[in-house]
Amino acid sequence: MRAIFYADWINLRGSLRVMLLTPAAFLAWALAIGEPIFFCVSLVVMGYLFPNTAFSVEESTGWNRLSLSLPVTRADVVNSRFVMAVLIHAVLAAVGAAFVLVHAVLTDGTPELADHLAELLACAAVAMLLNGVQMAAAFRWGIRKAAYLVMGLIWVPMLACMFARICRTAAILLAPYVLWLIFAGYLNIGIWLLNG
């Protein structure tokens, strides 16, 4: 199992530059619009995407076939991925909480502090729940079908948030993500159908 954790670390190191530049862009955007929770949610989404990225990199490099020749089971591979996801979520949630605290102190936004921290915890809990569902589905049907399942699950809260008129700003900010999900779903289903 240590070999699997090492492979996850190598995968993480390979995408570390992107994982540092992306939050920097979201941080600038969150500061520009004055919504610290936007940065926190982007961190949670990054944490959610890690297992998908790790499985995809393994598949493209052939490590998934090599790992099955090791004295580990498929359950060990999925469990190591889930443990790594939990660690990444914990680190990113801590970074998000630190940002919310610093933002509250600098902008005298202490009245919203509890709300922002509760929103961060709720987002992290939903992401961990989705990771758990995806890991169980990946163990049962493979990562591709699990990704389709979770992509379908993401649509429900996204559309509910957009059309419930809870927060107009959130709905506007979710519009590009919905378009991206449509395009990603189209590409994934197309590839799946072409591969038979």
side-chain contact (heavy atoms from CB on, under 4.5 Å) partners of [X], counting only residues at least two apart:
{"X": "A97", "answer": "L117, L120"}
{"X": "V133", "answer": "L149, L153"}
{"X": "L27", "answer": "L31, F39, F99"}
{"X": "L92", "answer": "L43, M46, I88"}

Linking Ile, Leu, Val, Met, Phe, Trp and Tyr by side-chain heavy atoms under 4.5 Å, what else ends up with F183?
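F183 clusters with Y186, L187.
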Which residues end up grouped with L121 if you chain together Ile, Leu, Val, Met, Phe, Trp and Tyr wherever their side-chain heavy atoms are less than 4.5 Å apart?
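So far as hydrophobic clustering goes, L121 is joined with none.
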Is it the case that one hydrophobic cluster holds both V86 and V91, taking links as side-chain heavy atoms less than 4.5 Å apart, direct or via other members?
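No, no single cluster joins them.
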